[in-house]
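Side-chain atoms are counted along with the backbone in the values below, which use heavy atoms only and exclude waters and symmetry mates. As the structure is a computational prediction, the values presented were derived from the model and not from experiment. Order of the sequence lines fixes the chain letters, A, B, ..., with proteins taken first and strands second; residue numbering starts at 1 for each chain.
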Amino acid sequence: MTGDDLAALLPILVLALGSVGLLLIGAWFPRRRTLILTGVGIAVAAAAAAAFYTPPVEEISGLYGSGLYARFFTVLWSLVAALVLLLSVRYAVELGFAGGEYTALVLFGAAGMSLLSASTSLVGFFLGLEAFTLVFYILIAFHKGDPLGAEAGLKYLVLGAVATGFMAFGIALIYTASGTFHLPEAMEGITAGARFRPIGLLGWGMLLVVIGFKVSLVPFHLWTPDVYQGAPAPVAGLLSTGSKGAVFAALVTLLAGLPADRSDLIPILWVLSAISMVVGTLSALRQDNVKRMLAYSSVVHMGYVMIALLSGGASGGRAIVFYLVAYAAANLGAFGVIASLTGAGGEPQTYDDFQGIGWRNPFRCAALAIFLLSLAGIPPTAGFIGKFGIFYAAMESGYGVLAILGILASLISLYYYLRVVVLMFMTFECEVDHARGGISEHSALTICLGAVVILGILPGPLLDLIAALFS
Amino acid sequence: MIVPMSHILAFSGAMFFMGFACVLAQRNLIMILIGVEVMLNAVGLTLVGASALWGQVDGQIFVIFLMAMTSAEVSISLAMVVYLHRRSKTLEADAFSGMKG
Amino acid sequence: MNLEPITFPWLTLLIVLPLLAAALSLVLRKHPVFSRWLALGITLAVLAITIGIFIVADGRGGWLLYEDYPWIASFGIRYTLGLDGISLLLVLLTAFTQVLAILISWHRKYQMAVFYSMLLFMEAGIMGVFLSLDLFLFYLFWEVMLIPMFFLIGVWGHERRVYAAVKFFIFTMAGSLLMLLAIIALYLLHGQQTGDYSFALAALKNTSIPPALEPWLYAAFVLAFAVKVPLVPLHTWLPDAHTEAPTAGSLDLAGLLLKTGLYGLIRIAFPLFPEMAAASLPLLAAFALFGIFYAAWIAYAQIDAKRLIAYSSVAHVGFMVLGLCAWNVTAMEGSILLMFSHGITTGALFLMMGMIHHRTESREIGRLGGIWGKAPVLSAFFLFFALASLGLPGLNNFVGEILILLGAFHANPLWGALAMGGVVFAAAYMLRLVQGVIWGPSEGRTEEITWTDLHPRELLILAPLAVLVLWIGLYPETFLAPIREPVRNLLEGASLVAMKGGLP
Amino acid sequence: MNPNLLFIIPLLPLAAAVVNAVAGQFLPRRLSEGIAVGAVGFSTIATLLLWPLVDAEGVRAELYTWIASGDLRIPVEIVFDPLSASMTLMVVFVSTLIHLYAVGYMREERDYARFFALLNLFVFAMLTIVLADNLLLLFLGWEGVGFCSYALIGYWYREKKNADAGRKAFLVTRTGDVFLGIALLWLFSLTGTLSITGINQAAFDFGSGTLLLLTLLLLAGACGKSAQLPLMTWLPDAMAGPTPVSALIHAATMVTAGVYLLARLFPLVSLSSTGMAVIAAIGAASALYAASCAVAQREIKKVLAYSTMSQVGFMFLAIGVGAVGAAMFHLFTHAFFKALLFMGAGCAIHLTGENDIFRMGGLGRRAPLVFWTFLAGALCLAGAPLTSGFFSKDAILLATFAGGGVFQRILWGVAAATALLTVFYTFRLVYLVFAGSPRAAGEAHRLPGVMRWTLPPLAVLALAGGLLNLPVAWGGSGVLNSFLGRFAGREIHASHALEWGLAGLATLLFVLGWLLARLRYRPFPEERISPARDFLLRGWEADRLVSAVIVRPFTSLARILWQRGDRKGIDGFLEGTGHLLMAMGEGLRRATTGRLHSYLGGFAWGLIALLGWMLLRYAF
């Protein structure tokens, strides 16, 4: 490893070293607020480093890219981590989290996500993925007093461990078939002409199981609602945005190596996308817990992203990246609102908790309504532009049926998104006061809201930037 | 290579699926974790075999990574097991079903 | 496109003014009185601008105003607004209606500032729909206007408001989502053929569409618009939404939202697919005719006065669609004029039901009655608008209807003859409404409460409407003149954009 | 003289209507009444002053273009020709008298402004019908009078019955209007114009089938407004309105609009002989039907209503046999004597506080002026020799008889029978109301002078109206016919002998009918109830028939469409879909058991599916 490599790793180093530093400081200096805000600073610094520092090399040790694509996602996940931390300031104090450890884990998770998004090798892929998976094992069960948190942690842990096994086996098989871990050579190596070689395809199958698990595609999605429900809201926000987005970011790189004709893989992806949209939508209909509803909605959304992934090409990739950003802003915002409403009585999760709170907490509930509308893909929000991009990519590459399925799913999904809006604003006014939320939460929510609305109205600059990632 | 790759693959594949079967069949958390461990070791075997097949060290390096990672995972798992056991006095995996639907 | 230099973005102003006011109103939630005056001021300003444009335009053809800026370059999406005679009429209606909507909600108590803000958002959205010439932009506004309406119904509506609001939202989205796909498909086809990836309506008109695909794309567009129009049997959201919405909401729904569907047919669906449109006209006409009778028939059975008026709207739009289907100058002009007229009469009826409901807290025909004895001026206005609605000659709806009927008969005698029969149905349900509300003995709610006749603010709302009813009824030329040339161009299939316009 | 001045005639009542509608409640009563009466009065004077404008071709005046679209151009244009001029004069004159009468009649009403506004508006609309040279403008008046009639029938809206009667009138007449409307659409489609003159000129080119259908459509429209079979059920109910309204709208003017329409479009109508026959048959049938009903009525105004229907039937018959002149002649005389009768009836009601003729009686001595004027009207209605009704009815009978064919003879027979019935029920009415001793129990009112003194001029006109068109055989010169000129329809060729013979027969019928009525009703008879009487009283059960065949199916179908179609059908389908989706969601929700092993099972199944597919892929 050369100095240039290290320089290229600067943002990751900021995150990782910052994480370690906070962990150490936290042991002697347990001021939660200060620690978490420092963590925010570190994440922002990392984002700034990634954004403004052009690294001297394009690739680090054959494991990670440091090009525009990688830097983009590093910025994104660092900012997501910063937002998550901002959302956690009051939350952590309220629930008595150990500030240093919590912050350190979030930062470390962000480093893992950035690495995963940047991976140019199966080894990098594995390490990045595992880095933040391990973090989540802890973060999900971070609230020690909460039995549901422990249960969620356990479920994620066991399934995650099994998934790790599958991933490792898949990688091993691909390596067996191709003789290299490096992308895109590994992908080229497992194909012979238009067809996959059997072992390579088997390896891909294993990888798909893991990817399906990580991004919650049906039938590997079953953990999602439980884990979202049990995990602390900011963590669920990070889990639903960062971990999934990073996997997709890596997947774009993975698939880019495959030959244009992927007829062996396409039917699988097609089916995964379709049943994720259908099953996710239907399952969300009867939920009465907002976090579980958001979990199923994320299943549907990942189904949408799969459409774009299938479509491939420049427009597919662009659609994925934009969608991930839009989805991250809206989903993080939604979980953020839940976090900000959390008081001594715990998180408001069930629909009953949301009944009639709209006019008592106008800003946050209006924001939640807008986030939900964005998730539903209604203009003028980022979600609409994102969905437009996906359907556009789908139509362009001839996945009309999937597009229509997606349309139907988003139509039905309106019901459960609107239901929350209805509960908040259109029923009687409740008398219960939820937590008023701190300034950090409000600023985080404002940022998310701003992103959702601005990207809905003026998506041009971001779209141009994303287009540059793929050129 | 003294052992053909196909044999290695067959063996490690079998081992992998035995591990997975263990995960599926066992109810006790410890046993499930052991199953995962078996799966991971099968992977290690495959990697070493492939590494030999291609005459590279990449695979073996990856095995080292894998082992490190596994140990981290195991430590977290065990911590979790202890934590859960202390909370609910059971290690039955299916006993933890407070959330569903 | 080589158009005259844009002097001042009046059209953008029509959209942005309400939008800014809406945002400001939301921010200053705690100062409802301020936001009320703000809302009134802004809507009046918008009305003044539209009237100004109307006067300056003076029945000229072509694009009266036109704006075009790049917006989302990577998709070839542009911010293109254009105003011709047809949109002018509808923009005028929008601006006018919105002033009334503010005025009728003057003393609303609950979350007043937000209410006005929603009305202003609505205005911006509808203006956008009537002005957009870029399909993406159009679609954006098309859906944006649903959100404020959803809240208006859901938050400030009557008993079953939530059901109505959600039904409204999902129903209309069901249509429009498929349209989104069709828009994308059209865009891709056009891009692949010409290399010019653009959502501009004018450009997409020249797309040659594979015969296998064309019916589907056309159907997607028509479905979206038919839901909004609404064409029977896609209408069942309407009675619920109209009935449960607050008065201002009903006013906007009947006066404006339904028109967006018809406008979409005229401006987008028909010009984009002229051959398909020509082929489908008999089918659409059949639906329209069926709707005229079906809705009128059901209206007759209603107990809730607002619901009755809502069904009457469905019957009326049947006439309008029939007029479009006749595809000749007379019927088309009649259709557009009826769009305008219907906004006024049905809007007025909803306003009056709002006033009556405000006093009696009842909308049930059986519990009202005999109001004439208590509030003669109010009742006289009610009777007047009811007569206009049932198509009494000399009042506004008649002109539109007779033009439609004449044109439809010319296109197909059976259509005209059948539709003429619809006027008896119209008389049947309207007279039942009048009978149940203002005539008869004053019993029930009418007797229980102390009545005040119209107060000045209400008179201020109704008087301009009444003047317009008579104006259109007796001298429709004012409103026919601006649409004459656009209609001719539409029928001749000429590309609108080819003509130059521009106000000095 | 400037022809544009003609617009004064209809616009004066309109202006008065607007003033009364907007400000009537705030004006002093006298002023409001003065405006209303004055406007109509000045219209009458204007008509007389502008009379010199009339010429055979008609004078035209255009105000502005009402509607213009494509080929369509609808000018607000009026035409002043012999037909419209004479009709205008009749309308404004009768209106003036009735307005005056109404001032007295409505003396105790507080809501006078609404009444006079509507009455004036009616006059405007009626004049629009009469003067319009454009079918669409005519249609404006046509619907306008319909509305005024509706609003005035339901003037005493507090009683549901009255409001319902108004609604019924509007709906039934509008049913007729639809046919007129269709005719209008068709005519425009055929000729590209809606000018009456233009249409009449173009009619020669139409095919016979088209002509027949057009005639039938126009006839249906006319039937609705003129209460002819089968659209007649509204007229008896319309008597719920104030008496001046009945006199003006439902006797003298509006109900004759149908006749006027057919007369206006006679050049078109006359081209279809079958159509003409249908018109005649409808007229004769209505005449007989209404006369038979009138015989059994108890309410004074309903007797008159049925008699109106019957007399209008005569006019239709006249049109049907081509005698437009005779039709117009009867229209005018009928307007005078029927307005007179209604006003007299109004006085009778006022004096006794009763509607039921069986409870009146003895009025002859109490109110001699009312009696004598009413008797004058009754004699005209009955067709007593030398009265106006005698001449006008005789002209119709003669024209029918002179038509020659068997069909015409049958019609003539029907008409003659009707004439007999007419005499009978007229004298039944006179005897029951004026003869005998007072039987009234209701509260009697004093009769305002203005109500009384409007009667004599009409009585004189009614009695002497025959001079208007005295036949040549009687030494006259047929003034009206020659004035109408080309509008008078076909020439009637009949020998003087036939004329005298028929007149003698008519006299015979009159005497016979009078004797029968005198025998039966001179001494007050106890009311006898029989099924036949009830059948006639209820107008041959027409209302029940309409209710069973149209109204009730309509209402129940409305409810069925709403509940079954909209609610169960469309909404049911959608909600069913929703429930299905919900049920599926619930099923999937159950599948998420919360147990770790079922989640691992998901892994396993997914893996098996993946591997299975790959296997398939490689096996084949």
Largest heavy-atom contact set with chain A, pairs under 4.5 Å, which of B/M39, B/R87, B/E37: B/R87

Cut-off 4.5 Å, heavy atoms of chain B, and the answer for A/K155 is side chain

Heavy atoms only, distances under 4.5 angstrom: which of A/A161, A/S283, A/A131 has the most pairs with chain B? Name it, please. A/A161

Looking only at heavy atoms and a cut-off of under 4.5 Å, which of B/V23, B/I61, B/L84, B/V81 has the most pairs with chain A? B/L84

If you tally heavy-atom pairs under 4.5 Å against chain B, which of A/G230, A/P225, A/G165 wins? A/G165

Whether over 12 other heavy atoms sit under 6.0 Å from A/F108 CZ: no

What part of B/L9 is in contact with chain A, defined as an atom under 4.5 angstrom from a non-hydrogen atom: side chain, backbone, both or neither? side chain

By a 4.5 Å heavy-atom criterion (distance strictly below it), what part of B/M99 contacts chain A: side chain, backbone, both, or neither? both

Chain B heavy atoms under 4.5 Å from A/L202: which part of the residue, side chain, backbone, both or neither? neither

Contact leader toward chain A among B/L33, B/L40, B/T46, B/D58, where contacts are heavy-atom pairs under 4.5 Å: B/D58

Would you say A/E59 and A/H182 are linked by a side-chain donor-acceptor pair, where the criterion is simply a distance under 3.5 Å? yes

Side chain from CB out, backbone as N, CA, C, O: work out which of these in A/L222 comes under 4.5 Å of a heavy atom of chain B, or both, or neither. neither

Find out whether A/F142 and A/V235 are in side-chain contact, i.e. whether some heavy atom of one side chain is under 4.5 Å from a heavy atom of the other. no

Under a 4.5 Å cutoff for heavy-atom pairs, which residue among A/G160, A/A141, A/G153, A/P147 has the most contacts with chain B? A/P147

For A/A177, is it the side chain, the backbone, both, or neither that has a heavy atom closer than 4.5 Å to a heavy atom of chain B? backbone

Do the non-hydrogen side-chain atoms of A/L127 and B/F65 ever get within less than 4.5 Å of each other? yes

Contact origin within A/S121 toward chain B - heavy atom pairs under 4.5 Å: neither

Need one label for A/M167: side chain, backbone, both or neither, based on atoms under 4.5 Å from any heavy atom in chain B. neither

Determine whether more than 12 heavy atoms belonging to other residues, nucleotides or ligands lie under 6.0 Å from atom OH of A/Y351. yes

If one checks every heavy atom of A/L157 against chain B at 4.5 Å, the contacting part turns out to be side chain

A/F166 ring center within less than 6.0 Å of A/F213 ring center: no

Only one of A/V290, A/T281, A/L294 clears side-chain contact (heavy atoms from CB on, under 4.5 Å) with A/Y416; which? A/T281

Any heavy-atom pair between the side chains of A/Y228 and A/R292 that's under 4.5 Å? no

Describe, in one word, how the ring planes of A/F169 and B/F16 are oriented to each other, choosing from parallel (under 30°), tilted (30 to 60°) and perpendicular (over 60°). parallel

Largest heavy-atom contact set with chain A, pairs under 4.5 Å, which of B/A72, B/A95, B/G59: B/G59

Option that, when pairs with chain A are counted at under 4.5 Å, heavy atom only, ranks first among B/T70, B/N41, B/V36: B/V36

Verify side-chain contact (heavy atoms from CB on, under 4.5 Å) between A/D288 and A/T350, making sure each step is shown before the conclusion. CA-CA 6 Å; A/D288 44 21; A/T350 62; 5.8 Å; no

If we define contacts as heavy-atom pairs under 4.5 Å, which of B/A68, B/G35, B/S97 has the most with chain A? B/S97

Check for me whether the distance between the ring centres of A/F181 and B/F62 falls short of 6.0 Å. yes

